[in-house]
Amino acid sequence: KKLSEFNEAYTALTQAVGPSVVEVITTRYGPTSQQSESAAWRLQRSTGSGVIINSQGHVITNAHVVVGGQRIRVLLPEWPPQVPRGRSVVKPRGKVVNAKLIGFDLEADLAVLDIEGDGYPFLDLANSETVRPGHLVFAFGSPMGLENSVTAGVISAVARQLTPESPMIYIQTDAAVNPGNSGGPLINSEGKVIGINSFILTRSGGSEGLNFAIPSNIVSAVYDLIIRHGYVRRGQIGVHAQTITAELSEGLGLPQRWGVIIADVYPDSPAERAKLQAGDIILTLNKKTMENARQFDVNLYRRAEGDAVMLALLRGTDTIDATVRVAERQRDPGWLTAHVTPENNLVARLGFLGLDLDIQLMQLFDALRIQHGVVVASPAFAPGYSKASIRPGDLIHAVNGVDIQNLQELRAASERLVPGDPVVLHIEREGRLQYVVLEAQ
């Protein structure tokens, strides 16, 4: 009887969640295997997943599902709560509608879409800080394009960082997730979204029980900022905060093996004016215990410029209280994504979106070594393209030894390349000049 009740509860949850889970269909330029100059790039279609989070038709998905898309559509599910008597059990395919990209954030790998109309069924975002290992969860999405599939599992770990200095933390689960699930919701037993499925670790290419989802609290913060500003406008106080690891604690002789330590205080920053110091341990922010650097950064993201935050610090054996004003992270290249479109800014042969360096963009850089070139706004994320060696905020000065003044010249130089040719970019990154090697697509 208990198993039967569990089945009924599982079925009820699936029927409640299903109408709000969508398939995201993106058409974008991608490289072909042909070596013809005219056919090196062509429009390709890829699919991912998403979830409707309000009745106005706002959809959350992964940035890598939609960035660089020429056209984005959403497949709304046809999900009757039950199959009427005499009707086929084969569920009819849903309705495809156009979607508008409101904004996205590459650092968190999140994007917000808008579909026309209102009155849509939607799901609430849960408080991801309540999630614990062992909790039952359900992953919804369209793996391999199989619309509205659901799998079950448990939370394997919370606040998972792939490396100690990773800018992101994730919820790890063993619920089966495969390509196409990206952007779909991870659901708790109450039918609320506790995470957005983002990627898997796999040797076979399929699910091996290592699924990583973006916690819902991060999703909520990114969504609010995109709706307000069109991009993630991150607050900061002018410090480089690091997560305290066991090795860091032992080497520095710290009194605790967890938490957040200040590694650097930037000159002429709010933190310097508040007399914060490198080596200070951040105990609390507005009376909330700080457990890792990512948590500290996220708790500053929503703060408006000029807001005051209260910090409790441990300096040696002394506990110190400090009030610090919040400033916007001026040099965050994430805001560049709000100013590009594939039609106007795609450098197809090199697989990224670029902007001419102008006076406004020069403010991103402390002191430019060379004052001309093209700023990388974001990778195009075309299927098959490796984005590992180019980053948003890189400034391209030359291609294969030829100086580049602007986006028009970069496009012209790249179009003369043959797919497969090595491409050597002379770039400026964080005040350093270096070469980056790509392959023409």
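For reference, positions follow the sequence shown, starting with 1. Atom set for the values below is all heavy atoms of this structure, side chains included, hydrogens, waters and symmetry mates excluded.
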ask   = Taking the side chain as C-beta and beyond, is there a heavy-atom pair between Thr26 and Thr47 under 4.5 Å?
value = no

message = Any side-chain to backbone donor/acceptor pair from Asp174 onto Gly153? Under 3.5 Å, distance only.
response = no

query = What is the minimum heavy-atom distance between Ala271 and Gly238, and which atoms define it?
reply = CB-O, 3.9 Å

key: Donor-acceptor pair, side chain of Thr151 and main chain of Ala176, under 3.5 angstrom   = yes

task = Could you pull out the closest heavy-atom pair between Val158 and Pro133, with the gap in Å?
result = CG1-CD, 4.3 Å

inquiry  = Working note: Ile115 + Asn98, criterion side-chain contact (heavy atoms from CB on, under 4.5 Å); need CA distance, chi angles, decisive distance, verdict.
reply    = CA-CA 6 Å; Ile115 50 181; Asn98 289 326; over 6 Å; no

task = Kindly say whether Gly180 contributes a backbone atom to a donor-acceptor pair with the side chain of Ser49 at under 3.5 angstrom?
result = yes

query = Roughly how far, to the nearest 0.5 Å, is the CD1 atom of Ile281 from the CD1 atom of Ile262?
reply = 10.0 Å

inquiry  = Pair Phe140, Ile187 - check side-chain contact (heavy atoms from CB on, under 4.5 Å), show working.
reply    = CA-CA 8 Å; Phe140 286 76; Ile187 302 295; 3.7 Å; yes

query = For the atom pair CG (Leu75) and OG (Ser142), what is the distance rounded to the nearest 0.5 Å?
reply = 7.0 Å

ask   = When you measure from the side chain of Ser189 to the backbone N and O of Leu136, does any donor-acceptor pair fall under 3.5 Å?
value = no

request  = Evaluate the side-chain proximity of Ile155 to Ile171: yes if any heavy-atom separation is below 4.5 Å, no if none is.
outcome  = yes

ask   = Side chain of Thr173, backbone of Ala175: donor and acceptor closer than 3.5 Å?
value = yes

remark   = Exactly one of Leu225, Ile227, Ile226 clears side chain to side chain contact (heavy atoms under 4.5 Å, CB included) with Tyr223, and that residue is Ile227

Heavy-atom pair with the smallest gap, counting every atom of Ile194 and Ser128 = O-CB, 3.8 Å

key: Pairwise side-chain contact, Asn188 with His135, heavy-atom cut-off 4.5 Å (strictly under)   = no

message = Under a 3.5 Å threshold, yes or no: a donor from one side chain and an acceptor from the other, between Tyr120 and His58?
response = no

ask   = Does the side-chain contact (heavy atoms from CB on, under 4.5 Å) test come out yes or no for Ile261 and Ile282, once each step is laid out?
value = CA-CA 6 Å; Ile261 188 170; Ile282 301 172; over 6 Å; no

message = Return the CG to CG distance between Leu311 and Asp321, rounded to the nearest 0.5 Å.
response = 9.0 Å

note = So CD1 of Ile404 and CD1 of Ile370: to nearest 0.5 Å the spacing works out to 12.0 Å

query = With no hydrogens and no angle check, is any side-chain donor or acceptor of Glu428 less than 3.5 Å from a backbone partner on Arg369?
reply = yes

remark   = When rounded to the nearest 0.5 Å, the distance separating OH of Tyr266 from CD of Glu272 is 12.5 Å

inquiry  = Just to verify, what does Arg273 make a side-chain hydrogen bond (donor to acceptor under 3.5 Å, both in side chains) with, not counting sequence neighbours?
reply    = Asp268

query = Just by distance, do the side chain of Asn62 and the backbone of Asp109 share a donor-acceptor pair under 3.5 Å?
reply = yes

inquiry  = What I'd like to find out is whether the side chain of Leu407 reaches to under 4.5 Å of the side chain of Asn345, using heavy atoms alone.
reply    = yes

ask   = How would you list, by chain and number, every residue that makes a side-chain hydrogen bond (donor to acceptor under 3.5 Å, both in side chains) with Arg315, sequence neighbours excluded?
value = Asp280

inquiry  = Is any side-chain heavy atom of His397 closer than 4.5 Å to one of Leu395?
reply    = yes

key: Step-by-step side-chain contact (heavy atoms from CB on, under 4.5 Å) determination, Leu410 to Asn406   = CA-CA 6 Å; Leu410 177 60; Asn406 51 47; over 6 Å; no

message = Keeping Arg73 on the side-chain end and Val96 on the backbone end, is there a donor-acceptor pair under 3.5 Å?
response = no

task = Please work out which of the three classes, parallel, tilted or perpendicular, describes the rings of Tyr435 and His426, given edges at 30° and 60°.
result = parallel

message = Run the side-chain hydrogen bond (donor to acceptor under 3.5 Å, both in side chains) test on Ser55 and Asp118 for me, step by step, so that the C-alpha distance in whole Å, both residues' side-chain angles and the decisive distance to 0.1 Å come before the verdict.
response = CA-CA 5 Å; Ser55 62; Asp118 54 26; over 6 Å; no

inquiry  = Run the side-chain hydrogen bond (donor to acceptor under 3.5 Å, both in side chains) test against Asn197 and tell me which residues pass, sequence neighbours left out.
reply    = Asn211

query = Does some side-chain heavy atom of Leu285 sit less than 4.5 Å from a side-chain heavy atom of Leu300?
reply = yes

ask   = Are any of the side-chain heavy atoms of Leu313 and Leu283 separated by less than 4.5 Å?
value = no

key: Lys192 bridged to Asp124 by N-O distance under 4.0 Å   = no

CD1 on Ile52 to CG on Leu76, rounded to 0.5 Å = 5.5 Å

request  = Check the angle between the aromatic planes of Phe212 and Phe199 and answer parallel, tilted or perpendicular using the 30° and 60° thresholds.
outcome  = parallel

inquiry  = Glu129 vs Lys288, test: salt bridge (charged side-chain N to carboxylate O under 4.0 Å, His left out). Steps then yes/no.
reply    = CA-CA 12 Å; Glu129 290 191 3; Lys288 182 176 182 179; 2.9 Å; yes

inquiry  = Consider side chain to side chain contact (heavy atoms under 4.5 Å, CB included). Of Ile396, Leu425, Leu350, which one does Val376 pass it with?
reply    = Ile396

ask   = Which atom names give the shortest non-hydrogen contact between Arg325 and Gly306, and what distance separates them?
value = NH1-O, 2.8 Å

message = Between Phe296 and Val239, is there a side-chain heavy-atom distance shorter than 4.5 Å?
response = yes

inquiry  = Between Asn181 (side chain only) and Gly184 (backbone N and O only), is there a donor and an acceptor less than 3.5 Å apart?
reply    = no

inquiry  = Can you give me the closest heavy-atom contact between Ala278 and Val265, atom names plus distance?
reply    = N-CG2, 3.8 Å

ask   = Short question: side chain of Asn292, backbone of Gln295 - any donor-acceptor pair under 3.5 Å?
value = yes

request  = Identify the two heavy atoms, one from Val65 and one from Gly48, that lie closest to each other, and give their separation to 0.1 Å.
outcome  = CG1-CA, 4.0 Å

task = Answer yes if the side chains of His64 and Ser182 hold a donor-acceptor pair under 3.5 Å, and no otherwise.
result = yes

